Structure formats: structure tokens, C-alpha cells
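For reference, the structure discussed in these notes is given below.
Source: prediction; values computed, not measured. Letters A, B, ... are given to chains in the order of the sequence lines, protein chains preceding strands, and every chain is numbered from 1.
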Amino acid sequence: MPQQDRVEETTTASANPTGSRRAADRPDDERYDPKRVESKWFERWQSDSELYAAEHHSTKRKYYVLEMLPYPSGVLHMGHVRNYSIGDALARYMWMNGYNVLHPMGWDSFGLPAENAAIQNNTPPRQWTLGNIAKMKAQMKRLGFAYDWSREVTTCLPDYYRWNQWFFLKFYEKGLAYRKKSKVNWCPQCATVLANEQVLTNGCCWRHEDTPVEQRALEQWFLRITKYADELLRDLDKLGGWPEKVRTMQRNWIGRSEGALIDFKLDYSQPHTGFGPAGATISVFTTRVDTIYGATSVQLAPQHPMVADLTAASADLRAKVEQLIAEQRKAKEVGDIGEIEKHGVFTGRYAINPFNGEKIPIWVANYIVMDYGTGAIMSVPAHDDRDYEFAKKYKIEIRLVVLPISDDPEETVTEPRLPFVAHEGMLINSGPYSGLECAEAIKTMSAFAEQNGFGKATVTYRLKDWGISRQRYWGTPIPMLYCEKDGIVPVPEKDLPVILPENVEITLAGGSPLGKIPEFVNATCPKCGGPARRETDTMDTFVDSSWYFYRYADAHNDRAPFDSKIARYWFPIDQYIGGVEHAILHLIYSRFWTKFMRDLSLITNDEPVERLFTQGMVIKDGAKMSKSLGNIVSPDEMVARYGADAARLYSLFAAPPDRDLDWQDSGIEGIQRFLGRVFRFVMRNASAGHESVEMLPATSLSPQARQIQRKLHQTIKRVSDDFQGRWHFNTCISAIMELVNALYAYEEACRSTSDNGNHTSAALMAEVQRNLVLLLAPFAPYLAHELWDILGEKGSLLKAPWPRYDAALAKEEELEIPVQINGKLRSRIVVPADASEEFVVERALADEKIQAAIAGKQIVNKIYVPGKLVNIVVR
RNA sequence: GCCGGGAUGGCGAAAUUGGCAGACGCAGCGGACUUAAAAUCCGCAGGUCCGAAAGGACUGUGGGGGUUCGAUUCCCCCUCCCGGCACCA
């Protein structure tokens, strides 16, 4: 019942103007209204397009900070906000530290969603994409991100993608782009080919996680990334500024493996049909050629080209092989090829071990994959887990050829537990190689194979050449022509760009939409002048993002992708920031592209990115934000409710930037409270003392004022250190919060004593406020600019010098030293900061509590860590 | 299986070189202001136990062991969670 009364009272009270008049009477308590402040500054920043422009000719040190460019889906999500808040804070910090900062933004704007939207809404992809860009750009500006928009890159516009085409021609010229009919990954949903990198480990499409990828044979364009495989691997060691995690992922992806190719001749000594040409061989890849005397079968992948010949005689065999293929495909779909039951079938044929002339059976097995090595192995059951399992099942001979080496010759193991897979061992039963150690045997035996023409040492990679053809519309046209007379002919450089036509009917069926436009397809051969057919596939969108950051350096160049001199100034990128989901695809392609450009002498850097930072995801209620879970937090809504500063500051404060951030609305409310506290403090004290912002002599300050000065300098140090070294923005912000808390306590203290109005304190107040605003500037630019104005500062806050701390002023005069007995805290003593060890230990021992605790015990040791603690060891 | 990263109050987290565990914030509780509410300001707060209180004792950083005067931090073993790679020959 009382509650009901209260409701009525509330309603009547809200109509009563008395309360609001009273609030207005007290400007001290003016409420912080982010909407008012932010819209004021938003307007000012809008009208100055040069505000965040990087300098073209500068004597300052350069700093290139880059956030991964977004796909223009139409709306920013919180992950973007977090990513860009980190980059923006860094850019602003570096400006304040006197650098010439390049901080650009652009749009990765080709891709399938635009085509899907076209089908669903009957909107042309270009219109849909450019409309989305406009929306997202407005969101970014509202969030106050300091981008140099004069360098904006939009990858779907001809002034950008013509250089994709130009690069393609260069690749072709250097023999690094080639056309090949090959089995490719085909997603029936996307109706296009996918790169290996776009197929998930469960064999499904990266965009349609439930749709298994099919294999189709198509003519495709490939870029020879494998030419750089070794360098891409080796140079990972140079990337000290990259997360170990990303380097490891790339290492795994490249998957370098040293071994040998060995040719096994087919055995023709028995009757046969369909056994291939006389003298045919099966080439196997092995990392353990030293175990070849233990090989007791050859195993082929079911898709191996020789399988057809080997099984030609028997319909039954062919059916079994089909079964093995089906098993393998199914296992890939399920995602655990390592777990399937091993099956195989004996072909009835034999191969000859070139080392000992022995005839060994040829099998086809479902655990051999065609896309690694040669798709054929020599099976050594005694020294390989998988071969062992298989041999046990099918009763194939298991022959021991390596023994473990023991330090103690008495303890030589002659019957190791099988399979014995360690590389540290000594060969037995291996003809002339018996007695050698594995590593040496590998060298000797590879060399022997090479000398005798049946093998060689080699290296294989998991990394495959990059298939870039896509049978889609919304991408860069591949600048190639097919002439009946001259074959494949590149479009001459002067004819670039090959413009992507508009007004195209888009469906997901029936191959490339470009193929249906005669004006596009029909062209003239530049060599013979006869009719030619234009390539109708477009490029993978990862081409667009492989080099876009070079374009920022010289975004309007219409004679080259960019000027080499300018690129030399800005590259490598000092700091790149983005999601870890791009650790392999985008970042390995970008590294590849950089190495190619270096070989074209366009640039001099070997690597595009000096330091990489992968920020954590933004999650809600412990799960990734998604429409289906209904846990999406909208940046627009957050900005409307709490302001851009609060949204940005919270995304930096709630967790260290490399960890996942669990979004909590109550958390951002706390940040809003904090910003209000800062605002009100400055509103109350802004007029405190403009007369002096000089460093004050410590001696003229009251003890409370001196304490504030000390706290200020400690805070400057902490924020600078955490920003510079560790990138822990959360602790930067909590340090600023502590300073503000101390300022509130100081105000309180001034009110109760007569310190208020004291001249020196007033000057200190001005100094403190000025520095507080500077510290806040990289994180909460709107409020910081407003307060900078209120403090009467005239110069630009954007490039105002970052505050320096004075170590002498930051130093404590007295220290509270914990005193432990046997490592347990027993008391605390206060001593002068410069007290000697003798003094501190003496005072510790004199302490009442310590006296009581050590009474009757013998002191064994006294440990003093200067400025930190005293530990007294007693027995 | 291999590789990388994690595990700290009710929650997000902090502790930078082996030295006071829990800064800062959220949620909570108490107080001030207010007719009332909101807003704001001040204060309390890891857990258990003793005490009216002041205060004190014990315990505590996923689990077990070790090194050390002293371990969230270093070493060994184990559990669980997240991410990557994987019949890779």
C-alpha cells in the first residue's frame, strides 16, 4: 500500500517545476549531457575535413596505425567499435606525442552479400554497397573516430580495382599467375569456387557453415603463393611484434615438411591387364626414408591417378575403391578424418622397393589423402602409428628396422614397444645402412636415391597455390582474353581498367552472371585483331584486401597503384589492429603480396606489418552476439543512450584489449557516471586559477595539495607506461578514475579546512585539470574537447603535447611498509621514503604487534626489500 | 595427437622484475541530501570463525607436489575451458 502512495506522489512531483528550478540554481551540479556536448563537437569536426589528415611532407617521425577495414554490411557492430576505439586511442596518443600519424579507413566492398541483397531486394549491388558505406561512415563519424577520409579506399570502385587487374597482369608476366583445370572447392550455396582457406575444417563453406563443399573440375586462375612458401615461413621469425599465436597458426598453415620422393617401380613379372605403361612407377613422399627397409606395402589414396589402371581388371575392386572415397568424404564432412576406421583394399599388384629389390603389395586405403605429398606412401608399420594400426588389421608384415639408442650400452633395447616412432634411433636390418643413426641415414639414403635416379630429397607444403577465380559478378574482372588463334591473351595495361558492367541480372544459378552479357564477353584480340572472348570470372575478394593499405599512402594516384617513394616513407605499418579470425587468410595473402611487390621493386620492405594486435571478441551473456540468440548490442543505441565517449571508453575499460569482452549495460552506465564526475569537477573548478599553470614548487603547497600533485604525476606515469608498453587501456582508465576519486576527496578536505581559495592550491587545480583532460583525450575525445574549451585553452587538443611526469614530484615522502613474520603479514609501519635499512628494520622490530608476535622466539633472519617490505624469520 | 591462450570475490577485472592478493568498475548494503523518487555525495564490503564493538585468528588466486625467508607470479605433474592445425606420410 505505501508503494501505491509513492507512485501517485511521484506523478504529481514530476509536474512540479520547483525541483528543476533548484537544480538550475546550482550550476555546480550541472548534469553531464553527452548529447549536447557531443553534437556540438560533431558539428565542428564535420566542417573541418583536414582535421585528421596525415602530413605529406613532414620532418616528424611517422606512425602508421591501421585497423582492418570493414565489409560494408550496412551497420557497425560492437566488435568494430572495440577495434576502432583501440586504433583511435592509439592514433590520438601518437599525435599528442608529436608523430606524423597516418590513420586511414576504407571499405572491403566487393563480395557475395551485395549479390544476395540484389536478389532479395532487387537493388543493384553497387547501389546497395555505396548506400551501406554512407551509413557506416556516418556511424564512424558519430563515434568520433579520427580518420583521414581524404585517403578513403573503396575496393569496389574502378580507381581501386584497376590496380588489382594491373597486379594480376604483373603476376602473369612473371609466370606467377597461371590457368589450370583442377578439382576445386565448390559451394552450392555461393554457386562459386572457394579457396582452400575458405573451407572450414569440417569440409563446409566458411559462409554457409552447414553446406558441405563439393569438388568440381574447372579451369581456374591461380597465384603461385607456393613460390614464397619458404620465405613466408622463414620471415615469421622476424615478426617479433606479432602474437605468437598468429605466427604459429601461419606456420601450421604453411606446413613445411622435409623428406624425400622415392620411386617404386611397378612389378611386371606376373600376368596383368590395364597395368599402365611399361616401366611405370609410383612416387611416394616420406619424411622417414631411413625406415625404407621396413616398408611392407605401398598405400595409395583412393583418388590416386594410378588406381584406375591398377583396378581395371576387377569391377569388384573398383566398387571397393568407390567405397573408400565415399568414406573419406564422409569423414571430412563430419570433421574428424583422424577418427575414422581405417579401411583398405589390396590391388593384387606389387611394387619394387628400389633399395632392396623386394616386391611389396600395393594397397588403396582411405587414410591416404590425395592433396598432400604425392597421394602415395610407403607403409612402415613398425615405425608409424597409422601404418601400424593398418598392418595389424590386415595382417601385413611388421618389420623392425630402427632401435632406440640408449646412453648405457648395457641397456640396449632390442624389442621396443611398437610402433617405435621416435627419430632418435639406430638402423638395423637395413643392408649397408645398418648401424647408422636416423638423421645420418636420411641424408645418405636420399643422396643414394638421387644418384641412382629413383628419388631425391624434397620439401612439401600444406600450403597450396591460391585459386582466385570466382564465378560471381560483384568482384574485380580478371583482365584476360581468350582468342581462338592466340589462345590466352592478357588485356594490355593501357586498356585497364576492365570495367565491371552495371545493370546485370543476378541469379545464383547458371555460372558467372558476366557470361550472360554479350557486350562484356565479346572483345577484340589485341594481338591479331580477331574476335576474342573475355574472362567472365572475377577475383576472390581477398585480393582486394591483400594490398589496400599501400593505397592509403597515395590514394589518388592514377598512374600507379601508389608512388614508391611515398610507400617507403609510410611502410611498414607500425601497428595493425584487427580480429584474430584473419590470422591466416588475410594476413598470409598480404605478406605474399608484399613480397611480390618487393620483387617488382615497388617497395623495399619485406613485410607489410611491424606490429600486429588481435583484439578479443565482444560477447554478451557469455556467447558471441548473434541474431538468433537475440543478444546483439547496437552501437547506435549505446551512442544514443550514453554517448559515443561512454561506448568507446567502456569497450576499452571492461577488459584488456586482447581478451574477450562480455558486454554489460550496467558497466557502461558506470562509465557514464565517471564521465559525469569528471565533467562536474571541471565545471566547479574551471575558474579556480588561470593565473598559473607552471609546475609548482612542492614546498609552497599544503600537505593535501602536495598529495594531489603527487597523485597527478603518478597517474601521468601510470597511464603513459600502460599505454606505451603494455597496451592495457583498462588500467590506464582505472588510473584516471583513481585520480578523479582523489580530487573529489581533496575538494571535500578543502571544504572542511581553509585550503580552499589558497593561491597555490588554485594554481595546482588548474594544472591538475589541464592534465586530467589531456590524459582523457585519447579515450573520450568529445568530453575532453569540451573541457579543454571550458578551461579556456586555445590550441588544438588533438595535437597538444602528451603530459610529462616529474619523477621527483611523483615520489612518496613516506612509505607504509608491511612487516611480515615468516612470510605472514603481521603489522605495518610508516617510514620516510629514504630511510636506511637499519632504521626500517629497527622500527619494524620495535613495533608493538611485532614485539608480541616474536616474544620468546629466536630471530633467524631479517629481510628488507627496499621500499617494499620487511620479513622477520623466527624459530 | 601437436601448437597457442586461459582458469583470481556475486560479476568484469588488477597485482609491470618472486614481495601487502582483490586496485578500478559493476551489482549489493548502510548513511547524507530530498515531502518523496531520480540524480548526486559519503561510507562498508573475499570467505569462515571469535567479539557488543574496536579488533583479532584462521583460510583463500582450478587441483597436487617442489624451489624460496616469501609464490597469482618460477619448476614438475594433473583437471577443465577457449582457439588453431591434424590419418600431413
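- A 3.5 Å limit on both hydrogen-bonding distances identifies no Watson-Crick or G-U partner for B:A21.
- At a threshold of 4.0 angstrom between heavy atoms, the contacts of A:I736 with the nucleic acid are absent.
- In terms of modelled atom types and a separation under 3.5 Å, the side chain of A:D387 and the main chain of A:V380 share a donor-acceptor contact.
- Of the nucleotides present, B:G84 is the one that pairs with B:C2 by Watson-Crick or G-U wobble criteria, both distances under 3.5 Å.
- In this structure, A:N353 contributes its side chain and A:A295 its backbone to no donor-acceptor pair below 3.5 Å.
- Between the CD1 atom of A:I668 and the C1' atom of B:G12 there is a distance of 14 Å, rounded to whole Å.
- In terms of heavy-atom proximity, A:P302 sits nearest to A:V321 at O-CG1, 3.7 Å.
- Checked against B:A14, B:C3, B:A13, the side chain of A:A655 finds its nearest nucleotide in B:A13.
- Backbone-only engagement by A:P656 is indicated by non-hydrogen atom pairs under 4.0 Å involving sugar-phosphate atoms exclusively.
- With a cut-off of 3.5 Å on both pairing distances, B:A52 has no Watson-Crick or G-U wobble partner at all.
- One can place NE2 of A:H728 at 19 Å from P of B:C24, the figure rounded to the nearest angstrom.
- When rounded to the nearest whole Å, the span between CZ of A:F653 and P of B:A23 equals 12 Å.
- Comparing A:F285 and A:L869 against RNA chain B, the residue whose closest nucleotide sits nearer the 5' end is A:L869.
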Can you give me the N/O atom pairs linking the protein to nucleotides 27-32 of chain B at distances under 3.5 Å, or say none if there are none?
{"residue": "B:A27", "atom": "OP2", "partner": "A:R673", "partner atom": "NH2", "Å": "3.0"}

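- Following rounding to the nearest Å, A:H304 (NE2) and B:A89 (P) show an atom-to-atom distance of 17 Å.
- Of the side-chain N and O atoms in A:R677, one or more sit less than 4.0 angstrom from OP1 or OP2 of B:C41.
- Here the two rings, on A:Y650 and A:F674, have centers that are 6.0 Å apart or farther.
- Listed pair A:R875 / B:C69 fails the phosphate criterion, with no side-chain N or O lying under 4.0 Å from OP1 or OP2.
- In this structure B:U79 sits in a base pair with B:A7, meeting the Watson-Crick or G-U test at under 3.5 Å.
- Taking the charged nitrogens against the carboxylate oxygens, A:R256 and A:D230 do have a contact shorter than 4.0 Å, which makes a salt bridge.
- Here A:Q820 lies in heavy-atom contact (under 4.0 Å) with a base.
- What separates CG of A:D385 from P of B:A89 is a distance of 12 Å, to the nearest Å.
- Using modelled atom types and a 3.5 Å distance limit, the side chains of A:Q714 and A:E738 yield no donor-acceptor pair.
- The listed nucleotides are B:C85, B:A14, B:C69; the one nearest the side chain of A:N730 is B:A14.
- Contact between the side-chain N/O atoms of A:R462 and the OP1/OP2 oxygens of B:A89 is not found at any separation under 4.0 Å.
- Residue A:K862 is out of contact with every strand shown, counting any heavy-atom pair closer than 4.0 Å.
- Atom CD in A:Q328 sits roughly 12 Å away from atom C1' in B:C88 (whole-Å rounding).
- Here the options are A:V831, A:V841, A:V830, the test is side chain to side chain contact (heavy atoms under 4.5 Å, CB included), and the partner is A:I817; only A:V831 passes.
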N/O donor to acceptor pairs below 3.5 angstrom from side-chain atoms of residues 858-872 of chain A, sequence neighbours left out:
{"residue": "A:Y864", "atom": "OH", "partner": "A:G867", "partner atom": "N", "Å": "3.2"}
{"residue": "A:N871", "atom": "OD1", "partner": "A:N822", "partner atom": "N", "Å": "3.4"}
{"residue": "A:N871", "atom": "OD1", "partner": "A:G823", "partner atom": "N", "Å": "2.9"}

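- Nucleic acid contact class of A:R256 (heavy atoms, under 4.0 Å, all strands): none.
- Nucleotides B:G1 and B:C49, compared at atom C1', are 49 Å apart to the nearest Å.
- A:R828 has its CZ atom 10 Å from the P atom of B:G56, to the nearest Å.
- Taking atom C1' in both B:C76 and B:U8, one finds a spacing of 22 Å when rounded to whole Å.
- When the side-chain nitrogen and oxygen atoms of A:N741 are compared with OP1 and OP2 of B:A23, none of them lie within a distance under 4.0 Å.
- Heavy-atom distances to RNA chain B give each of A:A735 and A:H343 a nearest nucleotide, and the one nearer the 5′ end belongs to A:A735.
- Taking a pair to require two hydrogen-bonding distances under 3.5 Å in either a Watson-Crick or a G-U wobble arrangement, B:A13 remains unpaired.
- Phosphate proximity of B:A89 to A:S257: present, with a side-chain N or O under 4.0 Å from OP1 or OP2.
- Side-chain N/O atoms of A:Y744 include one lying less than 4.0 angstrom from OP1 or OP2 on B:C41.
- For B:C20, the OP1/OP2 oxygens have no side-chain nitrogen or oxygen of A:K824 closer than 4.0 Å.
- Counting only heavy atoms from C-beta on, A:P818 has its side chain closest to B:C20 among B:A23, B:A14, B:C20.
- The interatomic distance linking A:M737 (CE) with B:G12 (P) rounds to 17 Å, in whole Å.
- When the nucleotides B:C3, B:G56, B:C11 are ranked by their closest atom to the side chain of A:K849, B:G56 comes out on top.
- With salt bridges taken as basic N to acidic carboxylate O contacts below 4.0 Å, one links A:E244 and A:R247.
- Looking at the side chain of A:V369, the nearest of the listed nucleotides B:C87, B:C42, B:C85 is B:C87.
- A:N871 contributes a side-chain N or O that forms a donor-acceptor pair with the base of B:C69 under 3.5 Å.
- Using P as the reference atom, B:C11 and B:A23 are 15 Å apart when rounded to the nearest Å.
- Here side chain to side chain donor-acceptor pair (under 3.5 Å) pairs that include residues 653-667 of chain A, with residues two or more places apart or in two chains, are A:W663-A:D665.
- Using a 4.0 Å heavy-atom distance criterion, A:G255 is classed as making no nucleic acid contact.
- Between A:K35 and A:D33 no salt bridge is recorded (no basic side-chain N to carboxylate O distance below 4.0 Å).
- Put simply, A:N366 has no side-chain N or O that comes within less than 4.0 Å of OP1 or OP2 on B:C87.
- Residue A:R659 is in sugar-phosphate contact alone, with no base atom involved, counting any heavy-atom pair closer than 4.0 Å across all strands shown.
- Look at A:R386 and you'll find a side-chain N or O under 4.0 angstrom from OP1 or OP2 of B:C88.
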